[in-house]
Each structure stands twice: as structure tokens, then as C-alpha cells.
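A short worksheet on the structure shown next.
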Number of protein chains: 2
Amino acid sequence: MRNSLADVVAAALRVLDAQGLENCSMRRVAAELEVQPSALYHHVADKQSLLALMADEIVRNGAVVSRGPGPMPAGASAIAASAASAASAARTICVRLRAAMLAVRDGADVVATAAAFRLGASAVEDRLAEAVGRDGARTLLLYTFGQTQQTQTHRQAAAFGALVDPAPRADAAQPDGDPTDGLDASFGRGLDIILAGLAASSEAEAG
Amino acid sequence: MRNSLADVVAAALRVLDAQGLENCSMRRVAAELEVQPSALYHHVADKQSLLALMADEIVRNGAVVSRGPGPMPAGASAIAASAASAASAARTICVRLRAAMLAVRDGADVVATAAAFRLGASAVEDRLAEAVGRDGARTLLLYTFGQTQQTQTHRQAAAFGALVDPAPRADAAQPDGDPTDGLDASFGRGLDIILAGLAASSEAEAG
DNA sequence: ACCTGAACACCGTTCAAGT
DNA sequence: ACCTGAACACCGTTCAAGT
């Protein structure tokens, strides 16, 4: 036995992190394993399947799916208190998911693209739905994907800019409204907006 | 004079709509214009620039940027009424943007990717920000992109499935929780959640 | 079960040269 | 200003064949 599927996924993630999604070709992954490109097709049906496996691994490394305090209490008692704890559970999941995606180069793109084919069937969405319902889970997840892709793109552009122009002037720090990593804070505020909306909806429902 | 930049962008959009993003290569766009691939580089620096121009065109076709009733009143009077109209203005923009992206094959991918490089500098975001502020605009936009990509991916998968298995059984209509175009309704509910959150935040601010 | 070697039908981009 | 022709360094995927 030479390489396992797990070896292939691990090699692919190494290539992704080192070279970026654009350069994460089947041929390069094969080279990373010191194997012919055609050998990969013994482990994986096509490139898309490999990307899906990579996405799973990225999310799993974030431990986003690790169990919390168990399923939410289903009874109607103490709605306010349990709503607050549901919101904070949901918040934690989103923050962790974002961190996991940011941890590997182009991670947000990989996860968001792979997730598109299976939303409604992911463990993360299930855990979120326990806390805030199906619509809330979807809204939070889509926002988290989008904002994280955004953040990652900006960071890479900034890193590239730093290479291109390694002498930034002090007075040009924030050219147009957006501090370079206002994006982290902005994520939190967006999350708060959505969670506030969810709270408002469920209050309305509970009358 | 043979082809203009506008001709190139138009041809690219024809190819995109007919063949999808995956097959929208420089070489195919050139073929659509009956020109050598290298000719495109007279009009456009590289493929990415062309995609950005295509994204602009897609959004513009949705008339998302057409002016509304003018900038919001800045005074603090009649907050409740103007907040409601701001929310409905924002809602309209998001719904139109979504429709514009859905109108061309893979439109959401093209727009979302191009937008990633310029968020904070787009006309759509500016118009949204007038209605609901910077954080609200970003949150709405990211959600709209994500949800629309989702919708488009599912539709294409469904269309493909229909080709593969053209005899769907009546009792298999909704295999797992999600009606095929619950996605349209789901979009509206997510929007409502975010708008409710924005209303809650601005009430809190206004004391 | 896992891999090689060779091939097929593609890519984006550059560059000298034409009109 | 706009285009051709040829080239360079790549792609994903298939398939017969080896061990």
C-alpha cells in the first residue's frame, strides 16, 4: 500500500496552503506525493470531489462540529434565557468556522464552494439550526461564508500590496473608509445584527 | 476599427450565459468574436479584468443602481417612519440585485468574486449604505451574494439532475427538508431577519 | 490495490509581426 | 488601433498496462 485517500487530502491541503487555490492543480498535488497525476484518480473521482474532502477537513480542523451542551431544551419555559444562550452558541459556531477557514490559504473559497452543493446537509448547519432554527442557520452561514471570503481576499491583496510597495506612507493608512482589519470587527457587528433580527422574530412569534 | 471593449464584454457575457463560467475561457470568447485569442489582450489586461467588467454589466442590467427618492433625510425627526422606508428601499435593492445575478448563468459567482476585490467601493453598496448604514449594507450584500450563489448552484444541479434522470417520481419531490425553490422564499425570510436586526440596533441607538 | 506512461483536448498569456 | 501566427508553460482526465 502506498498512498491512502487521507494522504491525498493532506497533500492537497499542503499545496493549497502553500500555493493558493489557483495553483492547487491535480498535477501539483500529484507532484507533492511524488506520484503521476493519473494516480490520484484511483483515490478520487475528480477534482471537485477532492475539493469537497478538503473543505470537510478544513471545517473539522476548526472543531466547529464539536458538541456543545447538547440539544436545546424544547420546552417553552424560560424563553428569554434560553434564547440568549442559543444566540451565544450560534455566535461561537460562526466565529470558530470563520477562524477555521481563515487558517488556511483560500480556505473560505474552498469551503463556501463545496458547501454550496450540500447546504441543508452539513453538520455545522445542523448544529446552528438546533440553536436558531433553519432560516437563522442558513442566514448566519451564508453571511459567515461571504464575510470570511471578503476578509481573506482583502488580506491577500494587502499582503501582495506589501510586496509590491514595501514603503507605505504613514498618512495613507486608511485610504477610503475601511481600516485593513476592520473586517474582524465588522464580522462581529454583522453577526450581532443578524442575531438581533432572530431574537426579534422569535419574540414576535412567542407573542 | 473592428471590435471595441464593449464588444468583447458582450461576447464574453454571451459565452458565459451559453456555456457557464467553467467554459468561459479567453479562447472561447475570442472564437465568439471570430478573432485570435491574443487579440483580446488589446482590449483587456487579463481574464480577471474581463470578469470584473462582466460583473459590472450584470449588475447594471439589473438597474440596481438606478436612483431612488434621493438620499435619506439626515435629521432625527420621524425616525420610525423613515426607518421603515429605509428598510423597504434596502429590501428592493437586494431583491433586484439577486434577480440580476440570477438572470445570467453563473452570474452570482461572477459578481460575488469580482465584488470581493472592491467592496466598500461599489455603487450598490453606497446606495444600500444610504438606507441602512455601512455595516447593514455589508451584511445585506454578503448575505445576498451567498444566498444567490446557493440558489443558482441548486438550480443548475436540479437542471442537470433533470437531464440525468428525466423521470422523477411524484413522491420524491422533496427528499430532505428543502423544497427545490424554497430558496426564493428563504431569501426573503433571511432578508427580514437582517432588516429586523438593523431596526433593533437603530432603536437601541436612538434610545 | 496502487501506480506508470502516454496521450487527448484543452488552458492563459506573450510577443514579434502585419495592416 | 486592432489583429494574426506561433509559441511557452501549463491544465483535467482517460486508459491500457504494469506490480
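Chain A is the first sequence line, chain B the second, and so forth, proteins listed ahead of strands; every chain is numbered from 1.
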Expressed in angstrom and rounded to an integer, what is the separation of [X] atom [atom1] from [N] atom [atom2]?
X: B:Leu40; N: C:dG12; atom1: CG; atom2: P; answer: 9 Å
X: A:Arg2; N: C:dA1; atom1: CZ; atom2: P; answer: 14 Å
X: B:Gln48; N: C:dG12; atom1: CD; atom2: C1'; answer: 12 Å
X: A:Tyr41; N: C:dC3; atom1: OH; atom2: P; answer: 15 Å
X: A:Asn3; N: C:dC3; atom1: CG; atom2: C1'; answer: 10 Å

Any side-chain to backbone donor/acceptor pair from [X] onto [Y]? Under 3.5 Å, distance only.
X: A:Asn23; Y: A:Gln19; value: yes
X: A:Asp46; Y: A:Ser49; value: yes
X: B:Gln152; Y: B:Gln147; value: no
X: A:Asp17; Y: A:Arg105; value: yes

> Using Watson-Crick and G-U wobble pairs whose two distances are both under 3.5 Å, how do you write the pairing of DNA chain C as dot-bracket, with | for links to another strand?
Replying inline: ||.|||||...|||||.||

>> Test salt bridge (Lys or Arg N to Asp or Glu O under 4.0 Å) on B:Asp192 and B:Arg91; report intermediate values, then the result.
In response: CA-CA 8 Å; B:Asp192 289 336; B:Arg91 204 178 203 287; 2.9 Å; yes

When you compare [N] with [M], how far apart are their [atom1] atoms, in angstrom units rounded to a whole number?
N: D:dC11; M: C:dA7; atom1: C1'; value: 14 Å
N: C:dA16; M: D:dC3; atom1: C1'; value: 13 Å
N: D:dC2; M: C:dA17; atom1: C1'; value: 13 Å

> Are OP1 or OP2 of C:dA1 and a side-chain N or O of A:His43 less than 4.0 angstrom apart?
Replying inline: no

> Do you know which of A:Ile193, A:Leu140, A:Asp135, A:Thr139 makes side-chain contact (heavy atoms from CB on, under 4.5 Å) with A:Leu198?
Replying inline: A:Leu140

> What residues in residues 10-39 of chain B put a non-hydrogen atom under 4.0 Å from any atom of DNA chain D?
Replying inline: B:Arg27, B:Val35, B:Gln36, B:Ser38, B:Ala39

> What are the two closest non-hydrogen atoms of B:Glu22 and B:Asp106, and how far apart are they?
Replying inline: N-OD2, 4.4 Å

> Can you name the nearest heavy-atom pair linking B:Val29 to B:Ala11, along with the distance?
Replying inline: CG1-CB, 4.4 Å

> Given B:Asp126 and B:Arg134, is the salt bridge (Lys or Arg N to Asp or Glu O under 4.0 Å) satisfied, shown in steps?
Replying inline: CA-CA 8 Å; B:Asp126 289 347; B:Arg134 216 78 221 179; 3.1 Å; yes

